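In what follows, chains carry the letters A, B, and so on, assigned in the order in which the sequence lines appear, proteins first and then strands, with residues in each chain numbered from 1. Values in this document were obtained by computation on a predicted structure and should not be read as measured data.
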Amino acid sequence: MIMSYQILPFRFEKIGESVFLSNEVGEYLYLTKNQFEEFINHKLHPNANTFNNLKSKQIIADNNINDVIEMLATKFRTKKNFLAEFTSLHMVVVSLRCNSNCVYCQVSKREKLASNYDMTRETAKNVVEKIFESPSQNIKIEFQGGEPLLNFGVIKYIIEKAEWKNLFKKKNLEFVICTNLTLINEKMLKWLKGHKVYISTSIDGPKELHNRNRPLHDTKNSYDIVAKKIELTREFLGRDSVSALMTTTSFTINHFKNIIDQYVELGFDNIFLRSLNPYGFAKRDKHKLAYPMEKFIESYKQGLDYIIEINKKGKFLAEGFATILLTRILTPFSTGFVDLQSPAGIAIAGAIYDYDGDVYVSDEGRMLASTGDKYFKMGNVNTNSYQEIFNSKFLHKLMEKSVAESLPECATCAYLSYCGADPVRNYNEQGDIIGNRTKSEICLKNKSIIKHLLFLLRKNDKDIDRIFWSWITHTVFEV
Amino acid sequence: MKEINKKIEGNKLLLKVSANIYEKEAVLNASYKFTNKCYLNIEQINTSIEVFFQSKDENTDLNEISLEFCNELIDQQIRINTSKEYKIIREELVKKAFNTISK
């Protein structure tokens, strides 16, 4: 008997004896193969649980279809909120000079004394002008390098200029300095305390692992200095003022437990288990530093299990990538992670201003430029207007080709609403901004980790669910 | 029991599927999924669509590929069939979602 119901937009993937279904806004459920057959052939009975489950997930509708479309449209708009916001993350490379010798340096840093790789005040002034032309109500200025503290004068100049401009613009303005922290001192911290500045640093693991990945020019023992400076920074700017990122190399891939323990010991409540980004030296020395993506995925899963166990014992520690994905899976909200947007977040969610005023669509775009390929350059703050930079034909073309909903394979992928397009990575890996998903490492990673999180959620383990929600809401999980 | 219409010779596989059942788009989408393992070519001859595979790696099991391809083809055709039903709704949903932005 054919029942009358309307099938609404959905995607699916068969997993063993089950079928995973999701819709445009990320609502999902599992059916058996038989239930799936009945569903697509309009044979579900209106009293059946399957019918009601699909209806509650807005994958079918039997009446008031217009109301359901309105509701889905509202959720879809919420998921795509970053589009209305436009560029809110503005990364500024105040210097390409660096005092570190990181084995995977992705930006091809310059020697400590090469001051011609510093941003000038004139360029910095034009950068701030461009930033404040962005329609976004939220502006985050993130200082990058090289080591940005080597040009602290220009950091201060930009912060003061931005604060002055903001007296009239009244945006939500915040600053982040991405630094190895080794050069920070009390004088700098006293100044930073008077402004809204957060610190993002790098910790790649315990002393031995960190020092192997991130030695300094002057000493191999960078770890002790960073650990001391983290505490000093917290004294001045507060406990939550410092966050850290890690990068996984072939030296550290088998040591996720030790790395996680080190983050706990250093007092962090967040760790982002991050794979190697294949740009700059990381690409050049791939034979020494890289590993198969499958290996990273395995280590990631084990690391995540370990983090969950730590949380179960009462210590709040969130895994950053999982938190972003879980927010996308379990809530209707948009997340600010540039790499997981559709259309891609490049330029329209975040852009980067290089030391010489060149503007790139993303940090990875400027990483490519540092090895000579300026494909993703949008213009220069000293010679181009905001319109020329952010409303160019080039950017329109990039956006058009980075809508995951219309990309081969992504368009039908059941995990699309949790994922996004990454044209810079495609270009870097395959020489083409659209790329072929079957050969894409980033697709393999994202899909595997999303599927793993869905697998954990499917267990209906109350502790895991509560831990995941504690990460999303940033509230401590009660044992 | 009827077998899948296929021929395997060395590292080459020829699969024939019915154009009366499967649309070209479904064959193309299913083929795309195998581009990491094989080189492919697609031709339509009357009511039959022929998909030619040449494996990139000599260890690729072409019999397994043929079975996976057939299942994938069904999934792709289901996607096309169901998307025809909700196509207008999807367009309406996106239009409504961005209506406030375009004003």
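In this structure the side chain of B:R90 reaches within 4.5 angstrom of the side chain of A:E405, judged on heavy atoms. Within the 4.5 Å cutoff, the side chain of B:F98 has heavy atoms near those of the A:L83 side chain. At a threshold of 4.5 Å between non-hydrogen side-chain atoms, the residues A:E70 and B:E92 do not count as touching.
In this structure, A:F86 places its CZ atom where more than 12 heavy-atom neighbours from other residues, nucleotides or ligands lie under 6.0 Å away. Other residues, nucleotides and ligands contribute over 12 non-hydrogen atoms within 6.0 Å of the NZ atom of A:K33. With a 6.0 Å radius and a threshold of 12 heavy atoms from other residues, nucleotides or ligands, B:K56 has its NZ atom above the threshold. Surrounding NZ of A:K393 are at most 12 heavy atoms belonging to other residues, nucleotides or ligands under 6.0 Å away.
Heavy atoms of A:F39 lying under 4.5 Å from chain B are absent altogether. No part of A:T74 comes within reach of chain B, as not one of its non-hydrogen atoms sits under 4.5 angstrom from that chain.
Comparing B:I78, B:L28, B:V94, B:N81 by how many heavy-atom pairs each has under 4.5 Å with chain A, the most go to B:I78. Each of A:K75, A:K439, A:E409 has some count of heavy-atom pairs under 4.5 Å with chain B, and the biggest count is that of A:E409.
In terms of heavy atoms, B:A97 sits closest to A:A73 at CB-O, 3.4 Å.
Note that OG1 of B:T82 is 11.0 Å distant from CZ of A:R11, once rounded to the nearest 0.5 Å. One finds the CG atom of B:L93 at 6.5 Å from the CD atom of A:E24 (value rounded to the nearest 0.5 Å). To the nearest 0.5 Å, atom CD1 of residue A:I69 and atom CD1 of residue B:I88 are 10.0 Å apart.
Judged by distance alone, the side chains of A:N436 and B:T35 do bring a donor and an acceptor atom under 3.5 Å apart.
Under a cutoff of 6.0 Å and an axis angle of 45°, B:R79 and A:F12 form a cation-pi pair.
Partner of B:Y86 under the side-chain contact (heavy atoms from CB on, under 4.5 Å) criterion, out of A:N23, A:I60, A:I59, A:I7: A:I7 alone.
One N or O on the side chain of A:R77 and one on the backbone of B:K96 form a donor-acceptor pair closer than 3.5 Å.
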